[in-house]
Undergrad: 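Please find one structure pasted underneath; my questions will follow.
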Amino acid sequence: MLEMRGVDAFYGDSQVLFDMNLAVSSGEVVTLLGRNGMGKTTTVRTIMGIVRTRSGTITLNGTRIDQLPSHAIARAGIGLVPEGRQIFPNLSVRENLIATARVPRHGVPAWTFERVIELFPALGARLASAGNQLSGGEQQMLAIGRALLTNPQLMILDEATEGLAPLVRREIWACLSSLKEARQAVLVIDKNLEMLIGLADLHHIVEKGSVVWKGTSAELRADRSLQLRYLGV
Amino acid sequence: MRSQLTPAHAVSALLISLCAAVPYLASALDEPFYVIVFARIMVWAIAAISLNLIMGFGGMISFGHAVYLGIGGYAVGILAFHDITSAWIQLPVAMGLCAVVALVFGVICLRTRGIYFIMITLALAQMVFFLSVSAERYGSDDGLNILWRSEFGSGIIDLEDGAVMYYTIFAALLGCLLLQWRIVVSRFGMVLRASQSNDTRVQAVGIPTYRYRLAAFVIAGVMCGLAGFLQANLERFVSPDMMNWHRSGELILMTVLGGTATLFGPLVGAVVFLLLSEILSTITIHWHLVFGPFLILVVLFARGGVMGLLGSRAARD
């Protein structure tokens with residue numbers, strides 16, 4: 001589905017991604033792991049066209065997307081839940097959800113407004129509230145709901161549980177599990193290794209802007225020295 | 001969606017009722033002067049509403065918005081000068097010209113942001129301003145008198161009748177308020193507002209915001225062109241001063257004073273701005289010395305403008 005091959009990306013003159021390789025297949029949950037500042041969010045920003053590649057290719061279902069503008073990449077089928085939520089504070093919850101909603105060109109939309117509210121009943125109770133009146137957890141649910149309503153082929157969640165109360169975190173993890181059950185392809189960045197190992201099919205460890213290790217949950221769980229060296233856990 | 005009544009709602013309803021009743025009140029008080037004052041206020045309110053659409057809801061601070069007032073006005077003036085007085089020609093020409101100019105300006109301006117956007121809108125508007133100054137045939141600096149108001153060719157809308165002129169402006173104001181509300185609550189308006197708060201994010205969820213912003217820029221230009229058409233008819237006069245950068249600044253002040261990103265803010269701002277300047281100017285010729293600090297106080301202490309003070313919730317009141 002999504003494939004990054006030999007991608008180099010820069011912030012100004014500083015190179016931040018070095019020969020980055022990454023693949024997410026249909027129906028798979030894949031993680032990007034690594035310490036802070038290693039290039040995980042930059043990888044996501046590069047996939048979304050916010051940071052431009054200088055070499056290498058990014059393809060979605062075999063079609064190159066690395067030269068497309070951001071909105072066209074999203075339209076090609078990638079839904080992003082960005083770090084820090086970044087919901088629209090001046091729009092109500094309902095408006096946040098429907099402003100950017102999209103139905104697939106062919107077939108019935110997998111995600112509808114009603115289904116998102118079913119997934120996050122807390123949002124249903126606050127439809128008229130402005131985005132900036134929500135708690136951190138509600139904002140995160142809104143950001144996920146907003147991305148789901150674009151009916152993406154691939155969902156990317158960047159630090160989806162960061163800074164949330166344990167109870168809300170549990171709700172977000174439950175949401176991710178139900179996405180996996182629904183065979184939704186997901187690329188997820190998070191610091192909770194235990195939960196990620198339980199959830200994901202494949203893991204990538206990012207160190208200094210490139211993938212230094214790739215493997216399954218069982219392989220990652222078994223290798224304590226790897227966890228210690230690259231993840232500090 | 002249930003809406004809670006706020007003082008902002010009451011003030012908005014009061015102002016609309018006042019605008020509707022002014023000809024009767026002025027007649028009862030034997031002060032016909034107030035009819036023309038309120039007609040002017042309503043025309044400026046239409047122009048401010050159009051600016052609010054892009055500035056308040058879209059974050060595009062145009063410092064050249066009065067150019068469309070001038071273009072709308074000159075469309076009436078120049079056509080009347082050539083004995084074309086039919087409103088069915090003048091109005092489409094005024095609005096069509098504004099659409100074309102706004103489209104061209106928008107294509108250029110919307111590639112920039114922040115201070116650059118402000119400066120480019122100012123520069124482009126000043127180009128048109130100097131074009132009108134150099135048009136000697138159409139009065140140059142002195143402007144152009146309009147002998148006959150636009151003719152709709154029916155017995156119902158005769159703009160030569162002062163009351164009809166007034167209520168035509170009033171109807172246009174209501175129409176613009178309604179259109180603004182429809183736009184703001186539509187999906188188009190949601191994208192526009194979302195783009196104001198985080199344009200990159202809107203694009204990252206698949207919306208090509210440039211097109212939305214450009215469309216809003218053109219709609220605002222056309223709406224302001226309508227205000228220009230009405231102003232030219234009301235005053236029977238057009239001059240380059242209509243599109244001077246001072247006028248664009250006044251439009252910004254009215255919108256900020258009333259409350260940006262609120263539906264009735266521009267109307268409230270136009271009423272406060274024009275009435276206050278009218279009243280203060282009768283007291284002293286140095287009225288700017290009072291008016292200036294007042295505006296500074298509003299900006300400093302009432303960030304949501306008058307509507308903010310009255311408890312308005314942006315985009316809904």
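Computed from a prediction, not measured in an experiment: that's the story for all the values here. The analysis underlying the following values was restricted to heavy atoms, covering all of them including side chains, and did not include hydrogens, waters or symmetry mates.
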Undergrad: Working to the nearest 0.5 angstrom, can you tell me the gap between Leu91(A) CG and Arg193(B) CZ?
TA: 4.5 Å
Undergrad: Mark yes when over 12 heavy atoms from residues, nucleotides or ligands other than Tyr116(B) sit less than 6.0 Å from its OH; otherwise mark no.
TA: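 No, the 6.0 Å shell around OH holds no more than 12 heavy atoms from other groups.
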Undergrad: Should the heavy atoms of other residues, nucleotides or ligands under 6.0 Å from CD1 of Ile61(B) be counted, would the total exceed 12?
TA: no
Undergrad: Are Arg187(B) and Glu95(A) close enough for a salt bridge, meaning some N to O gap below 4.0 Å?
TA: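 A salt bridge is absent here (no side-chain N lies under 4.0 Å from a carboxylate O).
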Undergrad: Chain B: which of Pro82(A), Ala72(A), Pro89(A) shares the most heavy-atom pairs with it under 4.5 Å?
TA: Pro82(A)
Undergrad: Rounded to the nearest 0.5 Å, how far apart are OG1 of Thr100(A) and CD of Gln203(B)?
TA: 13.0 Å
Undergrad: May I ask you to check whether over 12 heavy atoms, not counting those of Arg182(B), lie within 6.0 Å of atom CZ?
TA: no
Undergrad: Report the residues that fulfil side chain to side chain contact (heavy atoms under 4.5 Å, CB included) with Met127(B), sequence neighbours left out, ordered by chain and then residue number.
TA: Leu124(B)
Undergrad: Under 4.5 Å, heavy atom to heavy atom, which residues of residues 139-150 of chain A contact chain B?
TA: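 Residues of residues 139-150 of chain A touching chain B at under 4.5 Å: Arg146(A), Thr150(A).
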Undergrad: In residues 205-223 of chain B, which residues are in contact with chain A at a heavy-atom separation under 4.5 Å?
TA: Val205(B), Gly206(B), Ile207(B), Pro208(B), Arg211(B)
Undergrad: At their closest point, which heavy atom of Met190(B) faces which heavy atom of Ala99(A), and how far apart are they?
TA: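 In terms of heavy atoms, the two residues are closest at CB-CB, 3.6 Å.
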Undergrad: Minimum heavy-atom separation for Phe88(A) and Asn198(B), please, with both atom names.
TA: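 Closest approach of Phe88(A) to Asn198(B), heavy atoms only: CE2-O, 4.0 Å.
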Undergrad: Write down the atom of Ala74(A), the atom of Ala204(B), and the distance for their closest heavy-atom approach.
TA: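 Answer, listing the atom of Ala74(A) first, then Ala204(B): CB-O, 3.3 Å.
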Undergrad: Can you pull out the residues in residues 41-56 of chain A with any heavy atom less than 4.5 Å from chain B?
TA: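 Hits under 4.5 Å: Met48(A), Ile50(A).
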